[in-house]
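Below, read A as the first sequence line, B as the second, and so on, with proteins coming before strands; counting in each chain starts at 1.
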Amino acid sequence: MELHFNPGTVIEVALRQIAAMNNAFSEDFEPEVRPADPKFGDFQANGVLGFAKSKGANPRALAQQLLEAAQESGQFDPARVELSLAGPGFINFKCTPRYLWDWLNRYADASDFQTGAGKLQAGRKVVIDYPSANTAKQAHIGHLRPMVIGEAIARLLDFCGAETLRDNHIGDWGTNFGTLIMQIKREGIDLNQLVTDPLAQLDQLYKDGSALEKDAPEIRDQSRAELLKLQEGDPENTALWERIVDISKAAFETLYQQMGVRIDVTLGESFYRDKVERVYRELTEDGFAESSEGALVVWHDDVKKFARDNERPYPFNIRKKDGASNYASTDLATILYRVEHYKADEVVYLTDARQQDHFQQLFLTTQKWFAARKYPIPDTRHVWWGTILGKDKKPFKTKSGESIKLQALLDEACERAFTVVTEKNPELPESERRTIAESVGIGALKYADLSSNRTQDYVFDWDRMLSFEGNTAPYLLYAVARINSIFRKAELDPEAPLEGASLLETDTEFALARKLISLPSALNLTLNDLRPHVLCTYLYELAGAYSTFYNADKVMVDDPGTRTRRLLLCARTRTVLITGLKLLGIQPLERM
RNA sequence: GUGGGCGUAGCUCAGCUGGAUAGAGCAUCGGUUUUCUAAACCGACGGUCGGGGGUUCGAGUCCCUCCGCCCAUGCCA
């Protein structure tokens, strides 16, 4: 068996090939190789069971046949992997100590992992639409998930070889500008005079404005008129708008830096304002768009929910009845631009769960439109997530019921982490405790967001996320810090090559080694549905296997062979943990 | 009404798309340190997987049917 980054893939490819040449199987046989429970082996193939069922064959006999064919093929060197038949027809694969050891020596540092993982998405151009913040509003807790999940997914795709473009599709052209400009004019505000926290003041102006609109239709009309003037290029409104956007960008930049969010381009909705006409024209010409109640809409009769004869009409509204564009218009113009200008093979959108209908309609419309025009059709993916809940299981808010400001959340995370660090490690200088607290605090916040399945709501709990027990950032960071400490005391570079190690011996060493070689499986699985919690679970299990090993097997023993092999396990664990944490956007620490 | 998500241990969550005896952490109880960071480790306790039916060698996972919660549902994004 080849010494590949992902042994599971090698097994799968080999089995598929062997089955294809065997009379008892057919081309469509899927081996279904996956990591196994350690008590059975390292990998298992479950595919025979399903296959036997579909053919009405005896699964165990069939599995026996495949196993023998595999052994005869010469593709499974007994010195590297042991095959066995189990239960109703599972085939188990157990890597030999030799193989584990060779793998650990072959895949030694971050660049080895990068090379191995880099084949997964090689050559793909992926545009990632995030964090797509609003303009003229302060960032609040609702902006946490797009920043955290978006950054993690972007890093993951980068790591796996994709050529990514992080496109910050800001909402700088929405209806809210009508309201905001209306209110600015009403109050006679000079935007250049706003000094302290200008974004907060814009936020307030908007709130006041929309409060007024609530029970005054004439004010609502006024706002709509201001919006239309802006969209038609009125110089006064354009100048106001530019200033608002600048204020917003500057404020968000500070947050992006703290959050470790990296952006390649910021092309907001305004960028597409002269590109929506083409969308209207092409969709109308091709017969996809038509007028309905004064608006321009697209019906999708092939999907019940969006069909025109549905009991509750739910068209894709691409131009409002007042002639103004909306987010459907700009999203259509945007995807065209991403394909034509950036040659995107895939576009990944990151938003919360509530926008699923919109993206379903957007994707349907894009496919039909692009097919009709013979434009390249990109893969599209909507990566969505649930709500952050308080302990009462309702959306997490302040006691007075307002949304929590993101900056306040970050500050509290760092402050709480600082208290903990000071409690545990009072002898460290304050500046270092502050640095540690920032990594631990922000890291804990991010990890809490990433470690549960993103499609579900999760309960926000400071104490749990900052705990050193359980599936948390501090637990993982602590594991890294302990490894660093060993190398520091031994006066060794954890990234330097290690020579003269003896072969693995104890159960805890083996358990750790087996966990290490399952990194590629974890990456694969994470990438499948872009679910970072899969990677989190893996890292947590790895840190757990390390802690068990650390407690059971002393590293700095006298015997040089034993010492070196344990140091090697420490070094590998460290590299994998650091690599994983960085993929999640969490900064590892030398000590804590 | 329709569509989406969900219901797993007292609490917070996993469960790799139908696989082997349903797993972690917290909490509770008990144990481990002259040893590299005990911010750790080990063990015990804890489950009619919302209820009921079905499909099959096999169901937390798929189908049907109820119960309950969250979200979306024509011009905000």
Side-chain angles (χ1 to χ4, degrees), chain A residues 32 34-37 39-40 44 46 49-50 52-53 58-60 86-90 92 132 134 171 174-176 269 292-297 303-306 310-322 324 326-328 330-331 351-358 360 384 386-387 389 391 393-395 420-421 423-425 451-453 455-459 461 463-464 467-472 474-475 477-479 481-490 521-522 524-526 528-529 531 533-534 536-537 540-541 544 547-548 550-552 554-557 566 570 591-592:
Chain A
E32 291 179 35
R34 59 190 58 169
D37 186 316
K39 65 190 167 210
F40 300 125
Q44 58 177 309
N46 298 344
L49 290 152
K53 185 178 190 169
N58 179 332
R60 187 153 172 117
F90 300 107
N92 291 328
S132 313
N134 292 333
T175 314
N176 58 325
E269 291 168 347
S292 169
E293 297 176 19
L296 189 65
V297 307
V303 176
K304 203 194 295 173
K305 189 179 186 179
F306 306 130
N310 195 38
E311 49 187 310
R312 292 200 190 190
Y314 197 2
F316 193 41
N317 191 338
I318 65 169
R319 189 180 63 203
K320 298 196 280 183
K321 66 179 172 192
D322 63 5
N326 62 8
Y327 75 130
T330 48
D331 272 356
T351 80
D352 68 58
R354 293 173 301 185
Q355 296 183 43
Q356 288 175 93
D357 291 342
H358 168 73
Q360 207 185 334
W384 52 273
T387 311
L389 306 175
K391 282 186 179 168
K393 298 278 188 134
K394 292 189 177 140
V420 178
V421 173
E423 197 178 294
K424 306 290 185 190
N425 246 338
S451 59
S452 69
N453 194 338
T455 58
Q456 272 176 268
D457 298 346
Y458 77 91
V459 176
D461 183 340
D463 292 334
R464 190 154 34 86
S467 167
F468 287 76
E469 296 163 35
N471 190 7
T472 67
Y475 180 76
L477 291 168
Y478 178 58
R482 288 165 107 191
I483 298 172
N484 287 335
S485 175
I486 291 175
F487 283 94
R488 207 165 45 237
K489 290 222 162 138
S521 300
N524 252 333
L525 211 54
T526 307
N528 245 344
D529 295 318
R531 289 182 304 170
H533 84 280
V534 175
C536 293
T537 303
Y540 174 56
E541 287 169 359
S547 293
T548 303
Y550 176 92
N551 267 66
K554 187 171 163 60
V555 176
M556 296 309 287
V557 291
R566 289 183 181 166
C570 288
R591 60 177 176 173
M592 60 190 285

>> Suppose you measure atom P in rG46(B) against the same atom in rC62(B); what distance do you get, rounded to whole Å?
In response: 30 Å
>> Please give the distance between the C1' atoms of rG60(B) and rC13(B) as a whole number of Å.
In response: 15 Å
>> Between Asp457(A) and Lys393(A), does any side-chain N to carboxylate O distance fall below 4.0 Å?
In response: no
> Hey, does Ala481(A) reach any base, or is it just sugar-phosphate, or nothing, if we go heavy atoms under 4.0 Å?
Replying inline: base
> Rounded to whole angstrom units, what separation is found between the CZ atom of Phe306(A) and the C1' atom of rG4(B)?
Replying inline: 10 Å
> Is any side-chain nitrogen or oxygen of Lys305(A) closer than 4.0 Å to OP1 or OP2 of rA72(B)?
Replying inline: no
> Between Tyr540(A) and Tyr475(A), is the ring centre distance below 6.0 Å?
Replying inline: yes
> Are the side chain of Arg34(A) and the backbone N or O of Gln44(A) linked by a donor-acceptor pair below 3.5 Å?
Replying inline: no
> Arg312(A) side chain: which of rG1(B), rG19(B), rG15(B) is closest?
Replying inline: rG1(B)
>> Counting only side-chain nitrogens and oxygens, does Gln356(A) get under 4.0 Å of the OP1 or OP2 atom of rU73(B)?
In response: no
> NA contact type, Gln355(A), heavy-atom cut-off 4.0 Å: base, sugar-phosphate, or nothing?
Replying inline: base
> Which part of the nucleic acid, if any, lies within contact of Ala86(A), taking any heavy atom under 4.0 Å across all strands shown: a base, the sugar-phosphate backbone alone, or nothing?
Replying inline: base
>> Using a heavy-atom cut-off of 4.0 Å across all strands, would you classify Ser485(A) as base, sugar-phosphate, or nothing?
In response: base
> Under the 5.5 Å and 30° test, is Phe40(A) stacked on the base of rA20(B)?
Replying inline: yes
> With a non-hydrogen cut-off below 4.0 angstrom, is Asn92(A) in contact with a base, only sugar-phosphate, or nothing?
Replying inline: base
>> Using the C1' atom as the point on both nucleotides, what is the distance between rU34(B) and rG25(B), in whole Å?
In response: 32 Å
> More than 12 heavy atoms of other residues, nucleotides or ligands under 6.0 Å from CZ of Arg354(A): is that the case?
Replying inline: no
> What is the distance from CZ of Arg60(A) to C1' of rG58(B), rounded to the nearest Å?
Replying inline: 15 Å
> Can you find a donor-acceptor pair, distance only, under 3.5 Å between Ser467(A) side chain and rG25(B) base?
Replying inline: no
> Does OP1 or OP2 of rC11(B) have a side-chain N or O of Tyr458(A) closer than 4.0 Å?
Replying inline: no
> What is the nucleic acid contact for Lys489(A), judged by heavy atoms within less than 4.0 Å: base, sugar-phosphate only, or nothing?
Replying inline: sugar-phosphate
> According to a strict under-4.0 Å criterion, is Tyr314(A) in side-chain N/O contact with OP1 or OP2 of rA72(B)?
Replying inline: no
> For Gln44(A), which contact category applies under a 4.0 Å heavy-atom criterion: base, sugar-phosphate, or nothing?
Replying inline: base
> Taking atom C1' of rC76(B) as reference, at what distance in whole Å does atom CG of Asn317(A) sit?
Replying inline: 12 Å
> Considering only side-chain heavy atoms of Tyr540(A), which listed nucleotide, rC41(B), rA24(B), rU37(B), is closest?
Replying inline: rA24(B)
> Is any side-chain nitrogen or oxygen of Lys394(A) closer than 4.0 Å to OP1 or OP2 of rC69(B)?
Replying inline: no
>> Using only atom types and a distance under 3.5 Å, with no angle test, would you say the side chain of Asp529(A) pairs donor to acceptor with the backbone of Arg531(A)?
In response: no
> What integer distance in Å separates His358(A):NE2 from rG74(B):P?
Replying inline: 15 Å
>> Keeping Asp461(A) on the side-chain end and Arg464(A) on the backbone end, is there a donor-acceptor pair under 3.5 Å?
In response: yes
> Base, sugar-phosphate, or nothing: which does Asn425(A) touch, judged by heavy atoms less than 4.0 Å apart?
Replying inline: base
> Side chain of Lys53(A), base of rG58(B): donor and acceptor closer than 3.5 Å?
Replying inline: yes
>> For the P atoms, the ones on rG50(B) and on rC36(B), what distance do you get once it is rounded to whole angstrom?
In response: 47 Å
>> Side chain of Asn551(A) only, heavy atoms from C-beta on: which candidate in rC75(B), rC41(B), rG7(B) is closest?
In response: rC41(B)
>> Please report the distance separating the C1' of rC16(B) from the corresponding atom of rG30(B), rounded so that it comes out in whole Å.
In response: 35 Å
> Within the structure, does a side-chain N or O atom of Arg34(A) lie under 4.0 Å from either OP1 or OP2 of rU17(B)?
Replying inline: yes
> Are any of His533(A)'s side-chain N or O atoms less than 4.0 Å away from OP1 or OP2 of rC16(B)?
Replying inline: no
> For Asn46(A) and rU56(B), what is the distance between atoms CG and P respectively, to the nearest whole Å?
Replying inline: 21 Å
>> Given rA14(B), rG25(B), rG5(B), identify the nucleotide with an atom nearest to the side chain of Glu469(A).
In response: rG25(B)
> Nearest to the side chain of Ser547(A) - rG74(B), rC76(B), rA40(B)?
Replying inline: rA40(B)
> Does a nitrogen or oxygen in the side chain of Ser132(A) sit under 4.0 Å from OP1 or OP2 of rA77(B)?
Replying inline: no
>> Using ring-ring contact (aromatic ring centres under 6.0 Å, His included), reason through Phe40(A) and Phe90(A) one step at a time and then give a plain yes or no.
In response: CA-CA 10 Å; Phe40(A) 300 125; Phe90(A) 300 107; 7.6 Å; no
> Of the nucleotides rC75(B), rA72(B), rG5(B), which has the atom closest to the Asp357(A) side chain?
Replying inline: rA72(B)
> NA contact type, Val297(A), heavy-atom cut-off 4.0 Å: base, sugar-phosphate, or nothing?
Replying inline: base
> Without hydrogens or angle criteria, can the side chains of Ser451(A) and Tyr458(A) be said to hold a donor-acceptor pair below 3.5 Å?
Replying inline: no
> Any side-chain N or O of Arg488(A) less than 4.0 Å from the OP1 or OP2 oxygen of rU37(B)?
Replying inline: no
>> Using a 3.5 Å distance criterion without hydrogens, assess whether the side chain of Ser292(A) forms a donor-acceptor pair with backbone atoms of Val297(A).
In response: no
> Can you tell which of rC71(B), rC75(B), rU37(B) lies closest to the side chain of Arg354(A)?
Replying inline: rC71(B)
>> Please report the distance separating the C1' of rU2(B) from the corresponding atom of rG47(B), rounded so that it comes out in whole Å.
In response: 35 Å
> Quick one: which of rA77(B), rA40(B), rC16(B) gets closest to the side chain of Asn326(A)?
Replying inline: rA77(B)
> If the C1' atom of rA9(B) is compared with that of rA14(B), how far apart are they to the nearest Å?
Replying inline: 13 Å
> Separation of Glu541(A) atom CD from rA14(B) atom C1', in whole Å?
Replying inline: 9 Å
> With syn defined as a glycosidic torsion within 90 degrees of 0 and anti otherwise, which applies to rU17(B)?
Replying inline: syn
> If you check the Val555(A) side chain, which of rG74(B), rA77(B), rC36(B) turns out closest?
Replying inline: rC36(B)
>> With a 3.5 Å cut-off and heavy atoms only, can you find an N or O donor on one side and an acceptor on the other between the side chain of Tyr478(A) and the base of rA39(B)?
In response: no
> How are the rings of Tyr478(A) and Phe468(A) set to each other: parallel, tilted or perpendicular (split at 30° and 60°)?
Replying inline: perpendicular
> How long is the line joining CZ of Arg531(A) and C1' of rC16(B), in whole Å?
Replying inline: 7 Å
>> Ring centres within less than 5.5 Å and planes less than 30° apart: is that true of Phe90(A) and rA20(B) in this structure?
In response: yes
>> Work out how far the P atom of rU61(B) is from that of rU56(B), and round it to whole angstrom.
In response: 16 Å
>> Counting the atoms with a prime plus P, OP1 and OP2 as sugar-phosphate, which does Arg464(A) contact under 4.0 Å by heavy atoms, base, sugar-phosphate, or nothing?
In response: sugar-phosphate
>> Can you identify which nucleotide, out of rA77(B), rC13(B), rG74(B), has its nearest atom closest to the Pro313(A) side chain?
In response: rG74(B)
